[in-house]
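To keep things clear, I will list the structure first and then write my remarks on it.
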2 protein chains.
Amino acid sequence: MTEVEQADRFARAREAQSVALIEDYVEMIGDLIAELGEARVADIAERMGVAQPTATKAIARLKRDGFATSRPYRGVFLTEEGAELAERVRARHRTVVALLVAVGVPEEIAELDAEGIEHHVSEQSLKAFEDFLQGK
Amino acid sequence: MTEVEQADRFARAREAQSVALIEDYVEMIGDLIAELGEARVADIAERMGVAQPTATKAIARLKRDGFATSRPYRGVFLTEEGAELAERVRARHRTVVALLVAVGVPEEIAELDAEGIEHHVSEQSLKAFEDFLQGK
DNA sequence: GATGATCTATAGCCTATGCTATATTTAAAT
DNA sequence: ATTTAAATATAGCATAGGCTATAGATCATC
């Protein structure tokens, strides 16, 4: 492996990381809307395990990036793009957990680890996971 | 899953992330020392794909955290703790790549994805991976 | 409808991680 | 030995993502 290839690999991992939090927030907001009809900042903050202003700031980034919308002092909603991302993330999470369990990781551990792992699973790996799970 | 459990899960993923870069640098420095006898800042920066001052700053954090040592304008070396971490990271990386390949991920993709995934694989999952790879 | 509780926004702070530009030191070459 | 090239450090800046404290808006209740 050349230095450049190695560098690209790390650049890729850094990029994935910068997307990870966005994905988590979007999925969480989708969950809350499904459960409660809307996603309030306080609920988002509580579930993400961060202080309320931290959630507010993250939501501002989601809005800036076109994944969410909201009016002051009101609930947060997903744009079409946000809703699609949430669904992809949810599906990927399920697949990663299932894969981990399939290779012998205890269910609880699988759920914990998947939260971090899922953001680094490429389309190709996801496809491989799905095929493996179907016994192909 | 309760809100608190969910929050803890995210907190865990955030913690793993903060350790990830440290692990990458330590492993990289170990590689360079093995190959070249010492790890120069310029080489570290090039392989990590970052500007030289970014590497310098990261190395300062490694030193602060007890993983590396260096004198101004000289090479960077690992402490005992750093060397142990490097070896653990290297072994984990190999296992993760092997697991991915074992479930059908193409070698190249496995290498790419492993770079991000490995930092979120717990001891328990790693053990499960090893057992799975040994056909248990 | 005033009032108190709750929720949200804002201000201001911190660290980590990136960058460019530039000063300084070391190493190499004449 | 001086000069130049290369490597490293430092200064200064930006964004992301945390935090606390506090101001402001909304909601519920009397």
Side-chain angles (χ1 to χ4, degrees), chain A residues 3 7-29 32 36-77 115-116 119, chain B residues 3 7-26 28-29 32-33 36-77 115-116 119:
Chain A
E3 282 75 12
D8 284 350
R9 207 195 268 181
F10 284 120
R12 201 161 163 286
R14 281 197 299 273
E15 168 62 20
Q17 188 46 43
S18 82
V19 175
L21 251 200
I22 289 177
E23 292 180 341
D24 284 338
Y25 272 99
V26 165
E27 183 183 6
M28 173 76 31
I29 291 167
L32 285 166
L36 311 173
E38 68 173 351
R40 303 300 307 217
V41 172
D43 294 331
I44 296 169
E46 182 178 15
R47 292 217 189 173
M48 291 298 295
V50 299
Q52 170 258 307
T54 299
T56 298
K57 223 185 268 189
I59 292 161
R61 286 192 291 272
L62 294 187
K63 291 168 71 173
R64 182 200 61 192
D65 295 349
F67 295 114
T69 59
S70 76
R71 298 198 331 266
Y73 296 99
R74 302 293 172 181
V76 179
F77 298 92
E115 205 61 65
H119 303 290
Chain B
E3 281 75 11
D8 283 352
R9 207 195 267 182
F10 284 119
R12 200 161 164 288
R14 282 197 299 272
E15 168 62 19
Q17 189 46 41
S18 81
V19 175
L21 250 201
I22 289 177
E23 292 180 341
D24 284 339
Y25 272 100
V26 165
M28 173 74 34
I29 290 168
L32 285 166
I33 292 172
L36 311 172
E38 66 173 353
R40 302 300 307 217
V41 171
D43 295 331
I44 296 169
E46 182 177 16
R47 292 216 190 173
M48 292 297 296
V50 299
Q52 169 258 308
T54 299
T56 298
K57 224 184 269 191
I59 292 161
R61 286 192 292 271
L62 294 186
K63 291 168 72 173
R64 183 201 59 192
D65 294 350
F67 295 114
T69 59
S70 75
R71 298 197 333 266
Y73 296 98
R74 302 296 173 178
V76 179
F77 298 93
E115 205 61 66
H119 303 291

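Naming: A, B, ... by sequence-line order, numbering from 1 per chain.
When the P atom of D:dT8 is taken as reference, atom CD of B:Gln52 falls 7 Å away, rounded to whole Å. Rounded to a whole Å, the OH atom of A:Tyr25 is 8 Å from the P atom of D:dG17. For the pair A:Arg40 CZ and D:dA25 C1', the interatomic distance rounds to 11 Å; values are reported in whole Å. Put simply, CG on B:Asp43 is 12 Å from C1' on D:dA6, counting in whole angstrom units. Between B:Gln17 atom CD and D:dA16 atom P the separation is 16 Å, expressed in whole Å. Atom pair A:Lys57:NZ and D:dA16:P shows a separation of 10 Å (rounding to whole Å applied). Rounded to whole angstrom, the span from the OH atom of B:Tyr73 across to the P atom of D:dT8 amounts to 10 Å.
Considering only side-chain N and O atoms, A:Arg61 lies nowhere under 4.0 angstrom from the phosphate OP1 or OP2 of D:dA16. Between B:Thr56 and the phosphate of D:dA9, there is a side-chain N or O to OP1/OP2 separation shorter than 4.0 Å. Residue B:Arg74 has no polar side-chain atom (N or O) positioned under 4.0 Å from OP1 or OP2 of D:dT8.
Of all heavy-atom pairs spanning A:Ser70 and A:Gly75, the tightest one is CB-O, 3.5 Å. In terms of heavy atoms, B:Leu62 sits closest to B:Val26 at CD2-CG2, 4.0 Å. When every heavy atom of A:Phe10 is checked against every heavy atom of B:Met28, the shortest pair comes out as CE1-CE, 3.4 Å. Closest heavy-atom contact between A:Phe77 and A:Gly37: CE2-O, 3.7 Å. Shortest non-hydrogen contact noted between B:Ala39 and B:Ile44 is CB-CD1, 4.0 Å.
Checking side-chain atoms of B:Arg74 against main-chain N and O of B:Arg40 turns up no donor-acceptor pair under 3.5 Å.
Among the heavy atoms of the strands lying under 4.0 Å from B:Ala42 are primed sugar atoms or P, OP1, OP2 only; no base atom is included.
Of the candidate nucleotides D:dT10, D:dG18, D:dA16, D:dT10 has the atom lying nearest to any side-chain atom of B:Pro53. Of the candidate nucleotides D:dT8, D:dC19, D:dG17, D:dC19 has the atom lying nearest to any side-chain atom of A:Ala51.
Mapping A:Pro72 and A:Arg14 onto DNA chain C by nearest heavy atom places A:Pro72 closer to the 5' end of the strand. With DNA chain C read from its 5' end, the first of the two nearest nucleotides for A:Ser70 and B:Ala55 is the one closest to A:Ser70.
With sequence neighbours left out, A:Glu23 forms a salt bridge (charged side-chain N to carboxylate O under 4.0 Å, His left out) with A:Arg92.
Nucleotides of DNA chain C that come within less than 4.0 Å of any heavy atom of chain B span, from the 5' end to the 3' end, C:dA16 to C:dA27.
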